[in-house]
Undergrad: 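Quick one: the structure is below, and I'll ask about it shortly.
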Amino acid sequence: MTDTTSSPDFPALDERDLVLPDAALLEPRSVPDHAPRILLLYGSLRERSYSRLLTEEAARLLERMGAETRIFDPRDLPLPDSVSPDHPKVQELRALSTWSEGQVWCSPERHGNITGVFKSQIDWLPLEMGGIRPTQGRTLAVMQVSGGSQSFNAVNSLRVLGRWMRMVTIPNQSSVAKAYQEFDEAGRMKPSAYYDRVVDVMEELMKFTLLVRGRSDYLVDRYSERRQQAEAHRIAVEKSLADARSAEGR
């Protein structure tokens, strides 16, 4: 590492890479004119999957609120690392995540946690691919369904994943207990306090997505990464100059 440009008060801080937070920089460079793009993921392959039914209900609400939605079907998605990332289902998932401006994650709670079906989807999403980050800066709402009494284990795990994937996870969440009682034969959610909470969560997700999109690059910009990039650039410049001097001396 090269020497930092520091001050006596902050000897460990490289002032060259410090950008003071500025409210003016929160103004978007351009305001998107398309509908908010929301990707929804669910975590069960059962024929009557309650996480899928809840996800479909959420998508209907989001579309009613003005969003464009897409639901990823996890069937035929291979286990992580079992095939090349060129696999069509992997490419489909990654493309949808890149397309999205916000996401909804819904998993059943199984053995006190999220399902393997759901985790596999997240494990196929890299933090970065080809300079593009398919999750960073996107908004996220988390939901879960349970076969028994209400629990929050799955949504808590989803929040950990969302933070790890550097997403803006909204405060509200949905946990539907005894989910088999909450949907009719057609797969539509019945009126209930659970349904009202789903409306709350989707409403909040839309508000946060409208707030964040157009500003996400600035919101997730980090000093440590600016420092790493600047250091890599300085090393490249020094090497280029050294190569040029070496060539001149031949």
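These values consider heavy atoms only, across backbone and side chains, with no hydrogens, waters or symmetry-generated copies. Only a predicted model underlies this, so the values are computations on that prediction, with no experimental measurement involved.
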Undergrad: Could you check whether atom CZ of R159 has more than 12 heavy atoms from other residues, nucleotides or ligands sitting under 6.0 Å from it?
TA: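 Result for CZ/R159: enclosed.
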
Undergrad: My understanding is that only residues two or more places apart in sequence, or in another chain, count here; which of them pass salt bridge (Lys or Arg N to Asp or Glu O under 4.0 Å) with D73?
TA: R75

Undergrad: Between K190 (side chain only) and Q181 (backbone N and O only), is there a donor and an acceptor less than 3.5 Å apart?
TA: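 Flag set: sc K190 to bb Q181 pair under 3.5 Å.
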
Undergrad: Once side chain to side chain donor-acceptor pair (under 3.5 Å) is applied, do any residues pair with N113, and if so which ones, sequence neighbours excluded?
TA: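 Residues passing side chain to side chain donor-acceptor pair (under 3.5 Å) with N113: S157.
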
Undergrad: Any side-chain heavy atom of L161 within less than 4.5 Å of one from I114?
TA: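 A side-chain contact exists here, since the closest heavy-atom pair is under 4.5 Å.
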
Undergrad: Please find the pair of heavy atoms, one from S192 and one from E182, that lie closest to each other, and give the distance.
TA: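 Where S192 meets E182 most closely, the heavy atoms are OG-OE1, 3.4 Å.
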
Undergrad: Between R37 and E101, does any NZ, NE, NH1 or NH2 come within less than 4.0 Å of an OD or OE carboxylate oxygen?
TA: no

Undergrad: Are any non-hydrogen side-chain atoms of V176 and S174 less than 4.5 angstrom apart?
TA: yes

Undergrad: Stepwise, does the side chain to side chain contact (heavy atoms under 4.5 Å, CB included) test hold for L25 with R215?
TA: CA-CA 8 Å; L25 295 177; R215 300 173 173 87; over 6 Å; no

Undergrad: Are V142 and L125 joined in one hydrophobic group, where the rule is that I, L, V, M, F, W and Y side chains link up if heavy atoms are under 4.5 Å apart?
TA: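 Yes, it is one cluster - the side chains of V142 and L125 are joined through contacts under 4.5 Å.
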
Undergrad: Under a 3.5 Å distance rule, please check whether S107 uses its side chain to pair with a backbone N or O of T115 as donor and acceptor.
TA: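 Yes; at least one donor-acceptor contact below 3.5 Å.
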
Undergrad: Any chain of hydrophobic side-chain contacts (each under 4.5 Å) joining M202 to L41?
TA: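 M202 and L41: separate clusters.
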
Undergrad: Among residues two or more places apart or on two chains, list those pairs meeting ring-ring contact (aromatic ring centres under 6.0 Å, His included) that have a residue in residues 78-128.
TA: W105-F118

Undergrad: Flag yes if L140 and V160 sit in one hydrophobic cluster, no otherwise; membership is Ile, Leu, Val, Met, Phe, Trp, Tyr, and two members link when side-chain heavy atoms are under 4.5 Å apart.
TA: no

Undergrad: Which heavy-atom pair separates P74 from F72 by the least distance, and what is that distance?
TA: CD-O, 3.4 Å

Undergrad: What verdict does the side chain to side chain contact (heavy atoms under 4.5 Å, CB included) test give for R138 and V168, after you've listed the backbone C-alpha separation in whole Å, the side-chain angles of each residue and the deciding distance to 0.1 Å?
TA: CA-CA 6 Å; R138 288 155 178 79; V168 181; over 6 Å; no

Undergrad: Would you name the heavy atoms of V212 and G137 that are closest together and state the gap between them?
TA: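 Of all heavy-atom pairs spanning V212 and G137, the closest is CG1-O, 3.4 Å.
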
Undergrad: Please report the interatomic distance CG(N172) to CE(M143), rounded to the nearest 0.5 Å.
TA: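 So the gap between those two atoms works out to 11.5 Å.
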
Undergrad: Other than L45, what residues sit in its cluster of Ile, Leu, Val, Met, Phe, Trp and Tyr side chains whose heavy atoms are under 4.5 Å apart, directly or through others?
TA: V117

Undergrad: Okay, side chain of T135, backbone of M165: is any donor-acceptor separation there less than 3.5 Å?
TA: yes

Undergrad: Does L18 reach the side chain of E15, with side-chain heavy atoms less than 4.5 Å apart?
TA: yes

Undergrad: Ignoring hydrogens and geometry beyond distance, is a side-chain donor-acceptor pair present between E63 and T69 at under 3.5 Å?
TA: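 Side chains of E63 and T69: pair found under 3.5 Å.
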
Undergrad: Minimum heavy-atom separation for Y50 and F183, please, with both atom names.
TA: CD2-CD1, 3.7 Å

Undergrad: Would you say L158 and F152 are hydrophobically clustered, going by side-chain heavy atoms of ILVMFWY under 4.5 Å?
TA: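 Looking at the clustering, F152 is in the same group as L158.
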
Undergrad: When rounded to the nearest 0.5 angstrom, what is the spacing between CG in D123 and CG in D81?
TA: 8.0 Å

Undergrad: Is a side-chain donor or acceptor of S49 paired with a backbone partner of R46 at a separation under 3.5 angstrom?
TA: no

Undergrad: Indicate yes or no for a side-chain donor-acceptor contact from S82 to the backbone of P78 under 3.5 Å, with no hydrogens or angles considered.
TA: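 Not confirmed, S82 side chain does not pair with P78 backbone.
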
Undergrad: If we ignore hydrogens and angles and just use 3.5 Å, is the side chain of R64 paired with the main-chain N or O of A59 as donor and acceptor?
TA: no

Undergrad: Could you check whether E68 pairs with R70 (Lys NZ or Arg NE/NH1/NH2 to Asp/Glu carboxylate O, under 4.0 Å)?
TA: yes

Undergrad: Rounded at 0.5 Å granularity, tell me how far CG in L127 sits from CD in Q136.
TA: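 The distance works out to 8.5 Å.
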
Undergrad: Kindly say whether E47 contributes a backbone atom to a donor-acceptor pair with the side chain of R52 at under 3.5 angstrom?
TA: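 The answer is yes, because a donor-acceptor pair under 3.5 Å joins these two groups.
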
Undergrad: Run R60 and R188 through side chain to side chain contact (heavy atoms under 4.5 Å, CB included) and show every step you take.
TA: CA-CA 10 Å; R60 293 185 190 100; R188 295 304 304 271; 3.2 Å; yes

Undergrad: What's the spacing between Y42 OH and Q121 CD if we round to 0.5 Å?
TA: 8.0 Å

Undergrad: State, yes or no, whether a side-chain contact exists between L54 and V198 at a heavy-atom distance under 4.5 Å.
TA: yes

Undergrad: Say you draw a straight line from CG of L39 to CG of L93; how long is it, rounded to the nearest 0.5 Å?
TA: 7.0 Å

Undergrad: CG of D22: more than 12 outside heavy atoms within 6.0 angstrom?
TA: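 For D22, atom CG is crowded (more than 12 foreign heavy atoms under 6.0 Å).
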
Undergrad: Apply side chain to side chain donor-acceptor pair (under 3.5 Å) to S97 and list each qualifying residue two or more places apart in sequence or on a separate chain.
TA: Q103

Undergrad: Please tell me if the side chains of E231 and Q228 come closer than 4.5 Å, counting only heavy atoms from C-beta onward.
TA: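 In short, these two side chains do not touch, never coming nearer than 4.5 Å.
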
Undergrad: According to the side chain to side chain donor-acceptor pair (under 3.5 Å) rule, which pairs have a member within residues 202-211, sequence neighbours left out?
TA: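 Applying side chain to side chain donor-acceptor pair (under 3.5 Å) to every pair that reaches into residues 202-211, excluding sequence neighbours, yields T139-T209.
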
Undergrad: Pairing donors with acceptors under 3.5 angstrom, does anything connect the side chains of R197 and Q173?
TA: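 Distance-only check fails for R197 and Q173.
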
Undergrad: Any cation-pi pair here, K178 with Y194, using under 6.0 Å and within 45°?
TA: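 Relative to the ring axis of Y194, which defines the angle, K178 lies outside at least one limit.
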
Undergrad: Taking the basic N atoms (NZ, or NE/NH1/NH2) and the acidic carboxylate oxygens, is any pair closer than 4.0 Å for R227 and D14?
TA: yes

Undergrad: Are side-chain heavy atoms of P126 and E128 found at a separation under 4.5 Å?
TA: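 They are not in side-chain contact.
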
Undergrad: When you look at V145 and E109, which way does the side chain to side chain contact (heavy atoms under 4.5 Å, CB included) test go after all the steps?
TA: CA-CA 6 Å; V145 293; E109 180 173 319; over 6 Å; no

Undergrad: Using the rule that Ile, Leu, Val, Met, Phe, Trp and Tyr join whenever any side-chain heavy atoms are under 4.5 Å apart, tell me whether L210 and V199 fall into a single cluster.
TA: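 L210 and V199: separate clusters.
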
Undergrad: Which heavy atom of S51 sits nearest a heavy atom of G43, and at what distance?
TA: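 Shortest heavy-atom separation between S51 and G43 comes out as OG-N, 3.4 Å.
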
Undergrad: Check I170 against V201 and note the closest heavy-atom contact, atom names and distance.
TA: CD1-O, 3.6 Å

Undergrad: Between the side chains of Q144 and S146, is a donor N or O closer than 3.5 angstrom to an acceptor N or O?
TA: yes

Undergrad: Please report the interatomic distance CD1(I38) to CG(L40), rounded to the nearest 0.5 Å.
TA: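 Separation between the atoms: 7.5 Å.
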
